[in-house]
Amino acid sequence: MLVLHIIADYGFGDLAFAEVVQRIKLHLPDAQAILTPVPAFATLAAGFCIAQLGLNQAPAGTIIYHNVAPREDDEQARSGNTGERLAFARLPTGVRVIGVNAGYAKSFVRDLAVELRWAAVAASGSQFRSRDLFPEAAGAIALGQPDALGEEIPRSDIPDVPSNCIAYIDGYGNLKTTIKYEDTKTHQSDTVGVQIGESKHKATKSDGSFASGNWTVSFCAW
């Protein structure tokens, strides 16, 4: 069994997830798909999910297939629905990451990846490339076909993770931020100020959301 995480902005329960899974299983019939939706065009959220799943312990052979492609790499009209290119990363955990190199999708794993290369597949040819073009390329990479990968990706082509941003909001409403751990070194139970846009709150610094009591805001660092 091959664990296959699919991270995409199709929308929870959207038909697009079913179409992509169906197409991928043509090329990887043993894949067990696990779906993780993120908001539309949210490459930062996708990048956070890729890091969470890819940099932690995972079954041997795990693959992350991601598609959040806002097509913001070129503001001009596009022929053939051209968009950001498909890229591949191999992580120190052995997890392989295959997906569109758009925005911050690869930013969290950029410096830790042991391999970063372009996939040998066209970036144009369909409005729905993650169904029509990329599954076959992902299958070829997963199966180790020698011509599946192209040239190396310069790490300078992948942007830094932006600081002090909300990267992901989980189902409980917890805000996962890009604030670095080193920047949170205050004593436990200290009160800190948190500002999101124009909204300002006081939060109790703790090592977990249950440490500060009900109906309070906590700022947790691990």
Side-chain angles (χ1 to χ4, degrees), residues 2-14 16-25 27-28 31-56 58-59 61-73 83-123 126-142 148-150 153 155 157-159 161-162 167-170 176 178:
L2 170 68
V3 174
L4 176 72
H5 291 286
I6 300 180
I7 301 169
D9 59 349
Y10 306 139
F12 185 78
D14 194 281
F17 271 118
E19 292 185 78
V20 168
V21 171
Q22 180 170 287
R23 191 63 60 89
I24 287 177
K25 286 181 74 69
H27 307 285
L28 297 172
Q32 178 186 5
I34 301 172
L35 312 181
T36 301
V38 296
F41 307 139
T43 63
L44 187 61
F48 177 86
C49 293
I50 290 165
Q52 283 290 100
L53 295 170
L55 295 176
N56 285 294
T62 294
I63 290 175
I64 298 173
Y65 179 85
H66 63 93
N67 185 71
V68 178
R71 286 176 165 87
E72 292 179 343
D73 56 326
E84 298 95 340
R85 294 175 65 183
L86 191 70
F88 167 78
R90 187 186 305 276
L91 304 183
T93 55
V95 174
R96 291 167 290 176
V97 181
I98 305 167
V100 174
N101 184 39
Y104 302 108
K106 293 285 198 299
S107 295
F108 288 90
V109 300
R110 178 194 65 188
D111 297 332
L112 295 173
V114 296
E115 186 178 7
L116 272 173
R117 296 174 66 183
W118 294 114
V121 62
S126 171
Q127 174 71 22
F128 197 173
R129 300 177 304 161
S130 59
R131 178 197 64 191
D132 299 334
L133 302 176
F134 296 161
E136 183 174 1
I141 293 171
L149 293 172
I153 302 172
R155 295 179 193 248
D157 287 356
I158 299 173
V161 174
Y168 183 76
I169 304 174
D170 69 17
K176 312 294 186 178
T178 61

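FYI, the numbering just counts along the sequence from 1. Quick note: numbers below take in every heavy atom, side chains included, and nothing from hydrogens, waters or symmetry partners.
In this structure, NZ in K176 is found 11.0 Å from CD1 in I169, a value given to the nearest 0.5 Å. Rounding to the nearest 0.5 angstrom, the gap separating the OG1 atom in T36 from the CZ atom in F17 is 7.5 Å. To the nearest 0.5 Å, atom CG of residue L4 and atom CD1 of residue I24 are 5.0 Å apart. Atom CZ of F134 is separated from atom NE2 of H27 by 13.0 Å, given to the nearest 0.5 angstrom. For the atom pair OH (Y10) and CG (N67), the distance works out to 4.0 Å, reported to the nearest 0.5 Å. Residue S130 holds its OG atom at 10.0 Å from CG of L86, rounded to the nearest 0.5 Å.
Under a cut-off of 6.0 angstrom, the local environment of CD in Q22 is sparse, with at most 12 non-hydrogen atoms contributed by other residues, nucleotides or ligands. Applying the 6.0 Å contact sphere to CD of E19 captures more than 12 heavy atoms from other residues, nucleotides or ligands.
Residues meeting the ring-ring contact (aromatic ring centres under 6.0 Å, His included) test with F48, sequence neighbours left out: Y168. Qualifying side-chain contact (heavy atoms from CB on, under 4.5 Å) partners for A138, counting only residues two or more places apart in sequence or in other chains: Y65, I98.
Side-chain contact check for D132 versus R23: some heavy-atom pair is nearer than 4.5 Å. Using a 4.5 Å cut-off on side-chain heavy atoms (C-beta onward), V100 and R129 make contact. Two residues are said to be in side-chain contact when any heavy atoms from C-beta on lie closer than 4.5 Å; V68 and V38 meet this criterion. In this structure, I141 and I63 have side chains that are not in contact, with every pair of non-hydrogen atoms separated by 4.5 Å or more. Contact check for N101 versus R85: no side-chain heavy atoms found under the 4.5 Å cut-off.
Side chain of D9 to main chain of F41: a donor-acceptor pair is present (N/O by atom type, distance under 3.5 Å, no hydrogens or angles). At least one donor-acceptor pair under 3.5 Å links the side chain of T93 to the backbone N or O of G54. Judged by distance alone, the side chain of R90 and the main-chain N or O of E115 form no donor-acceptor pair under 3.5 Å. The closest donor-acceptor contact from the side chain of R131 to the backbone of V20 lies at 3.5 Å or more, if one exists at all. Of the possible polar contacts, none joining the R155 side chain to the L116 backbone as a donor-acceptor pair under 3.5 Å is found.
Checking each of L91, I7, V95 against L53 for a side chain to side chain contact (heavy atoms under 4.5 Å, CB included) leaves exactly one that passes, namely I7.
Within the structure, salt bridge (charged side-chain N to carboxylate O under 4.0 Å, His left out) contacts touching residues 96-113 (residues at least two apart or in different chains) are R110-D160.
Minimum interatomic distance between L35 and P37 (heavy atoms only, all atoms of both residues): O-CD, 3.9 Å. Closest approach of G103 and P159 over heavy atoms only: O-CG, 3.3 Å.
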